[in-house]
Amino acid sequence: MAKHHNSSAEAILVIGLGRFGSSVASSLIRMGHEVLGVDVDEAKVQEAANRLTHVLQADCTSSEVLRQLGIADFKTVVIAIGSGIEASVLTALAVIEAGVPTIWAKATNEQHGKILKGIGVKNVVFPEARMGQMVAHILTGKMMDFVELDDQFAMVKTRAPAELVGHTLDEAQVRQHHGVTIVGIKRPNEAFTYAQSSSTIQRDDLLIVIGETKLVERFAART
Ligand code: ATP
(Lines give C-alpha, C1' and ligand atoms only; values in the text may rest on other atoms or scores of the structure.)
Protein backbone atom coordinates (compact mmCIF):
# COMPACT_ATOMS: atom_id res chain seq x y z
CA MET A 1 0.00 0.00 0.00
CA ALA A 2 1.38 3.41 -0.93
CA LYS A 3 2.32 5.47 2.08
CA HIS A 4 1.44 9.06 2.60
CA HIS A 5 3.70 11.26 4.60
CA ASN A 6 1.12 13.98 4.75
CA SER A 7 -0.64 13.44 8.08
CA SER A 8 -3.96 14.62 6.64
CA ALA A 9 -3.91 11.68 4.23
CA GLU A 10 -2.34 9.11 6.49
CA ALA A 11 -3.02 5.38 6.03
CA ILE A 12 -5.36 4.03 8.71
CA LEU A 13 -6.04 0.45 9.74
CA VAL A 14 -9.64 -0.40 10.59
CA ILE A 15 -10.11 -3.75 12.36
CA GLY A 16 -13.67 -5.11 12.27
CA LEU A 17 -15.90 -4.36 9.31
CA GLY A 18 -19.31 -4.49 10.99
CA ARG A 19 -21.67 -1.55 10.63
CA PHE A 20 -19.54 0.77 12.75
CA GLY A 21 -16.13 -0.18 11.32
CA SER A 22 -17.40 0.02 7.71
CA SER A 23 -18.89 3.41 8.33
CA VAL A 24 -15.65 4.74 9.87
CA ALA A 25 -13.63 3.27 6.99
CA SER A 26 -15.90 4.70 4.25
CA SER A 27 -15.85 8.16 5.85
CA LEU A 28 -12.05 8.10 6.10
CA ILE A 29 -11.80 7.17 2.42
CA ARG A 30 -14.14 10.01 1.50
CA MET A 31 -11.83 12.32 3.47
CA GLY A 32 -8.88 11.21 1.35
CA HIS A 33 -7.23 8.66 3.63
CA GLU A 34 -5.92 5.34 2.55
CA VAL A 35 -7.65 2.65 4.60
CA LEU A 36 -6.88 -1.01 5.15
CA GLY A 37 -9.97 -2.81 6.41
CA VAL A 38 -9.54 -6.18 8.11
CA ASP A 39 -12.11 -8.65 9.38
CA VAL A 40 -11.89 -12.24 10.58
CA ASP A 41 -15.10 -13.04 8.69
CA GLU A 42 -14.53 -13.65 4.98
CA ALA A 43 -18.14 -12.69 4.16
CA LYS A 44 -17.64 -9.26 5.80
CA VAL A 45 -14.44 -8.81 3.82
CA GLN A 46 -16.20 -9.65 0.54
CA GLU A 47 -19.03 -7.30 1.38
CA ALA A 48 -16.64 -4.42 2.12
CA ALA A 49 -14.43 -5.07 -0.91
CA ASN A 50 -16.56 -2.86 -3.22
CA ARG A 51 -16.49 0.12 -0.88
CA LEU A 52 -12.98 -0.04 0.54
CA THR A 53 -9.80 0.02 -1.51
CA HIS A 54 -7.82 -2.45 0.58
CA VAL A 55 -9.37 -5.32 2.51
CA LEU A 56 -7.93 -8.40 4.15
CA GLN A 57 -9.28 -11.42 6.00
CA ALA A 58 -7.36 -11.99 9.23
CA ASP A 59 -7.82 -12.62 12.96
CA CYS A 60 -6.31 -9.54 14.57
CA THR A 61 -6.06 -10.94 18.10
CA SER A 62 -2.64 -12.32 17.14
CA SER A 63 0.46 -10.12 17.27
CA GLU A 64 2.05 -12.23 14.56
CA VAL A 65 -0.91 -11.66 12.22
CA LEU A 66 -0.78 -7.92 12.88
CA ARG A 67 2.93 -7.89 12.12
CA GLN A 68 2.30 -9.70 8.84
CA LEU A 69 -0.30 -7.17 7.78
CA GLY A 70 2.19 -4.36 8.31
CA ILE A 71 0.98 -2.87 11.60
CA ALA A 72 4.32 -1.05 11.95
CA ASP A 73 3.35 1.22 9.02
CA PHE A 74 0.20 2.55 10.70
CA LYS A 75 0.17 5.48 13.07
CA THR A 76 -3.57 5.17 13.63
CA VAL A 77 -5.65 2.04 14.20
CA VAL A 78 -9.40 1.80 14.79
CA ILE A 79 -10.62 -1.30 16.62
CA ALA A 80 -14.27 -1.68 15.67
CA ILE A 81 -15.04 -5.01 17.30
CA GLY A 82 -18.04 -4.56 19.55
CA SER A 83 -19.90 -7.58 20.80
CA GLY A 84 -16.90 -9.90 21.09
CA ILE A 85 -15.31 -8.22 24.10
CA GLU A 86 -12.57 -10.83 24.34
CA ALA A 87 -11.58 -10.39 20.68
CA SER A 88 -11.71 -6.60 21.10
CA VAL A 89 -9.47 -6.62 24.19
CA LEU A 90 -6.97 -9.13 22.78
CA THR A 91 -6.76 -7.11 19.58
CA ALA A 92 -6.24 -3.91 21.56
CA LEU A 93 -3.42 -5.55 23.54
CA ALA A 94 -1.73 -6.73 20.34
CA VAL A 95 -2.09 -3.28 18.73
CA ILE A 96 -0.65 -1.58 21.85
CA GLU A 97 2.21 -4.10 21.92
CA ALA A 98 2.98 -3.21 18.29
CA GLY A 99 3.61 0.36 19.43
CA VAL A 100 0.85 2.08 17.41
CA PRO A 101 0.72 5.67 18.73
CA THR A 102 -2.96 6.44 18.15
CA ILE A 103 -5.58 3.84 18.90
CA TRP A 104 -9.34 4.29 18.81
CA ALA A 105 -11.66 1.55 19.97
CA LYS A 106 -15.39 1.03 20.08
CA ALA A 107 -16.90 -0.16 23.36
CA THR A 108 -20.33 -1.77 23.56
CA ASN A 109 -20.90 -0.95 27.22
CA GLU A 110 -19.32 0.82 30.17
CA GLN A 111 -17.50 -2.25 31.44
CA HIS A 112 -15.99 -2.91 28.03
CA GLY A 113 -14.92 0.73 27.89
CA LYS A 114 -13.30 0.49 31.33
CA ILE A 115 -11.27 -2.55 30.30
CA LEU A 116 -10.09 -0.87 27.09
CA LYS A 117 -9.07 2.27 29.00
CA GLY A 118 -7.44 0.13 31.68
CA ILE A 119 -5.16 -1.63 29.23
CA GLY A 120 -4.12 1.70 27.72
CA VAL A 121 -6.50 2.59 24.86
CA LYS A 122 -6.74 6.38 25.08
CA ASN A 123 -9.68 6.93 22.74
CA VAL A 124 -12.70 4.83 23.57
CA VAL A 125 -16.02 5.57 21.88
CA PHE A 126 -19.51 4.36 22.75
CA PRO A 127 -21.48 4.78 19.51
CA GLU A 128 -24.70 3.17 20.75
CA ALA A 129 -24.74 5.13 24.01
CA ARG A 130 -23.99 8.38 22.20
CA MET A 131 -26.65 7.82 19.55
CA GLY A 132 -29.18 6.83 22.22
CA GLN A 133 -28.50 10.02 24.15
CA MET A 134 -28.88 12.07 20.99
CA VAL A 135 -32.18 10.45 19.98
CA ALA A 136 -33.53 10.94 23.53
CA HIS A 137 -32.77 14.64 23.34
CA ILE A 138 -34.24 15.05 19.89
CA LEU A 139 -37.45 13.14 20.52
CA THR A 140 -38.34 14.72 23.85
CA GLY A 141 -37.25 18.25 23.16
CA LYS A 142 -37.44 20.80 20.45
CA MET A 143 -33.99 20.00 19.10
CA MET A 144 -33.24 18.75 15.62
CA ASP A 145 -29.71 17.81 16.53
CA PHE A 146 -27.73 17.34 19.71
CA VAL A 147 -24.01 16.72 20.12
CA GLU A 148 -22.45 16.54 23.55
CA LEU A 149 -18.93 17.85 23.00
CA ASP A 150 -17.74 17.22 26.50
CA ASP A 151 -19.36 15.85 29.64
CA GLN A 152 -21.35 18.98 30.29
CA PHE A 153 -21.03 20.96 27.10
CA ALA A 154 -23.24 20.57 24.06
CA MET A 155 -24.08 21.97 20.65
CA VAL A 156 -27.68 21.78 19.42
CA LYS A 157 -29.82 22.76 16.46
CA THR A 158 -33.14 24.18 17.61
CA ARG A 159 -35.96 26.51 16.59
CA ALA A 160 -35.87 30.10 17.79
CA PRO A 161 -37.72 30.74 21.09
CA ALA A 162 -40.79 32.92 20.35
CA GLU A 163 -39.65 35.62 22.78
CA LEU A 164 -36.54 36.25 20.66
CA VAL A 165 -38.32 36.59 17.31
CA GLY A 166 -37.96 40.09 15.89
CA HIS A 167 -34.97 40.95 18.07
CA THR A 168 -31.32 41.23 17.11
CA LEU A 169 -28.90 39.05 19.01
CA ASP A 170 -27.48 42.19 20.51
CA GLU A 171 -30.91 43.16 21.90
CA ALA A 172 -31.76 39.65 23.00
CA GLN A 173 -28.61 39.34 25.17
CA VAL A 174 -28.92 35.58 24.92
CA ARG A 175 -25.68 34.82 26.72
CA GLN A 176 -26.56 37.00 29.69
CA HIS A 177 -30.16 35.79 29.95
CA HIS A 178 -29.84 32.15 29.04
CA GLY A 179 -26.15 31.35 29.51
CA VAL A 180 -25.79 29.97 25.97
CA THR A 181 -24.26 31.28 22.76
CA ILE A 182 -25.98 31.32 19.37
CA VAL A 183 -23.23 30.64 16.85
CA GLY A 184 -25.18 30.04 13.65
CA ILE A 185 -28.52 30.85 12.04
CA LYS A 186 -30.26 29.00 9.23
CA ARG A 187 -33.17 30.58 7.36
CA PRO A 188 -35.43 28.37 5.23
CA ASN A 189 -33.88 27.91 1.77
CA GLU A 190 -30.70 29.68 2.78
CA ALA A 191 -27.31 28.40 3.86
CA PHE A 192 -26.15 28.61 7.47
CA THR A 193 -24.60 31.93 8.41
CA TYR A 194 -22.49 32.77 11.43
CA ALA A 195 -24.57 34.63 13.97
CA GLN A 196 -23.70 38.30 14.41
CA SER A 197 -24.85 40.76 17.01
CA SER A 198 -26.80 42.57 14.28
CA SER A 199 -28.60 39.40 13.09
CA THR A 200 -32.35 39.59 13.65
CA ILE A 201 -34.02 36.35 14.69
CA GLN A 202 -37.00 35.37 12.56
CA ARG A 203 -39.83 32.97 13.23
CA ASP A 204 -38.66 30.07 11.05
CA ASP A 205 -34.97 30.37 11.88
CA LEU A 206 -33.04 27.37 13.05
CA LEU A 207 -30.33 28.23 15.54
CA ILE A 208 -27.05 26.51 16.32
CA VAL A 209 -26.54 26.97 20.01
CA ILE A 210 -23.65 25.95 22.25
CA GLY A 211 -23.27 25.96 25.99
CA GLU A 212 -23.58 23.88 29.12
CA THR A 213 -25.78 20.87 28.36
CA LYS A 214 -28.36 21.80 31.00
CA LEU A 215 -28.58 25.37 29.73
CA VAL A 216 -28.92 24.46 26.05
CA GLU A 217 -31.62 21.94 27.00
CA ARG A 218 -33.45 24.67 28.89
CA PHE A 219 -33.02 27.13 26.01
CA ALA A 220 -34.38 24.64 23.45
CA ALA A 221 -37.35 23.91 25.71
CA ARG A 222 -38.46 27.57 25.39
CA THR A 223 -39.29 27.23 21.71
P1 ATP B 1 -21.48 -3.34 14.46
O2 ATP B 1 -22.48 -2.82 15.42
O3 ATP B 1 -20.44 -2.36 14.07
O4 ATP B 1 -22.07 -4.06 13.28
P5 ATP B 1 -20.94 -5.28 16.49
O6 ATP B 1 -21.01 -4.49 17.71
O7 ATP B 1 -22.07 -6.23 16.19
O8 ATP B 1 -20.63 -4.42 15.21
P9 ATP B 1 -19.09 -7.38 16.16
O10 ATP B 1 -20.01 -7.99 15.17
O11 ATP B 1 -18.70 -8.15 17.36
O12 ATP B 1 -19.56 -6.00 16.61
O13 ATP B 1 -17.72 -7.00 15.45
C14 ATP B 1 -17.64 -6.22 14.30
C15 ATP B 1 -16.78 -6.94 13.29
O16 ATP B 1 -15.54 -7.33 13.86
C17 ATP B 1 -17.44 -8.22 12.76
O18 ATP B 1 -17.56 -8.10 11.35
C19 ATP B 1 -16.48 -9.31 13.18
O20 ATP B 1 -16.37 -10.33 12.19
C21 ATP B 1 -15.17 -8.58 13.34
N22 ATP B 1 -14.24 -9.27 14.23
C23 ATP B 1 -14.54 -9.95 15.36
N24 ATP B 1 -13.43 -10.50 15.89
C25 ATP B 1 -12.40 -10.16 15.08
C26 ATP B 1 -10.99 -10.44 15.07
N27 ATP B 1 -10.44 -11.19 16.02
N28 ATP B 1 -10.24 -9.91 14.08
C29 ATP B 1 -10.81 -9.16 13.10
N30 ATP B 1 -12.11 -8.88 13.03
C31 ATP B 1 -12.91 -9.37 14.01
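For this chain, numbers begin at 1 and follow the sequence in order. Whatever order the structure lists ligands and atoms in, that order sets their numbers, starting from 1.
The closest non-hydrogen atom to atom 11 (O) of ligand 1, taken over S23, G37, S83, comes from S83. Between V65, I81, L90, I85, it is I81 that holds the heavy atom closest to atom 23 (C) of ligand 1.
For P127, the closest heavy-atom approach to ligand 1 does not fall below 4.0 Å.
Residues V156 and F146 come closest through the heavy atom pair CG1-CD1, 3.6 Å. Of all heavy-atom pairs between E97 and S63, the closest is OE2-OG, 3.2 Å. Summarising the geometry of I201 relative to I182, their closest heavy-atom pair is CD1-CD1, 4.2 Å, with the distance given to 0.1 Å.
The pair R67-E64 meets the salt-bridge criterion, with a side-chain N (NZ, NE, NH1 or NH2) lying under 4.0 Å from an Asp/Glu carboxylate O.
One hydrophobic cluster, built from ILVMFWY side chains closer than 4.5 Å, cannot hold both L206 and I185; they sit in different ones. Transitive grouping of hydrophobic side chains (ILVMFWY, heavy atoms separated by less than 4.5 Å) brings V121 and F126 into a common cluster. Under the 4.5 Å side-chain heavy-atom criterion for grouping Ile, Leu, Val, Met, Phe, Trp and Tyr, M155 is not connected to M134 through any hydrophobic cluster.
Here A80 has backbone heavy atoms under 4.0 Å from ligand 1, and that is the only part of it that gets that close. Contacts between C60 and ligand 1 below 4.0 angstrom, taking non-hydrogen atoms only, involve backbone and side chain alike. Under 4.0 angstrom from ligand 1, there are no non-hydrogen atoms of S88. Residue-level proximity to ligand 1 for R19 is carried by backbone and side chain together, each with a heavy atom below 4.0 angstrom.
Taking every heavy atom of A58 and a limit of under 4.0 angstrom, the matching atoms of ligand 1 come to 28 (N), 29 (C). Proximity to T61 (heavy-atom distance under 4.0 Å) selects the following atoms of ligand 1: 27 (N). Proximity to K44 (heavy-atom distance under 4.0 Å) selects the following atoms of ligand 1: 17 (C), 18 (O). The atoms of ligand 1 that sit less than 4.0 Å from any heavy atom of D41 are 20 (O). Against a heavy-atom cut-off of under 4.0 Å, G84 is close to the following atoms of ligand 1: 11 (O).
Checked against side chain to side chain contact (heavy atoms under 4.5 Å, CB included), E128 has the following partners two or more places apart in sequence or in another chain: K106. Take H178 and apply the ring-ring contact (aromatic ring centres under 6.0 Å, His included) test, not counting sequence neighbours, and it matches F219.
Closest to atom 16 (O) of ligand 1, if we only count protein heavy atoms, is G16 CA, 3.3 Å. Ranking protein heavy atoms by distance to atom 3 (O) of ligand 1, first place goes to F20 N, 2.7 Å. Of the protein's non-hydrogen atoms, the one nearest atom 27 (N) of ligand 1 is D59 OD1, 2.8 Å. What sits closest to atom 6 (O) of ligand 1 on the protein, heavy atoms only, is K106 NZ, 3.0 Å. When only non-hydrogen protein atoms are considered, atom 12 (O) of ligand 1 lies nearest to G82 N, 3.2 Å. Counting protein heavy atoms only, atom 20 (O) of ligand 1 is closest to D39 OD1, 2.6 Å.
If you check the side chains of T61 and D59, you find a donor sitting under 3.5 Å from an acceptor.
Looking at heavy atoms from C-beta onward, V95 lies in side-chain contact with I15 at the 4.5 angstrom threshold.
Between I15 and ligand 1, not a single N/O pair is under 3.5 Å apart. For ligand 1, the polar-atom distance check against V40 finds a nitrogen or oxygen pair separated by under 3.5 Å.
Between I85 atom CD1 and I115 atom CD1 the span is 6.0 Å, to the nearest 0.5 Å.
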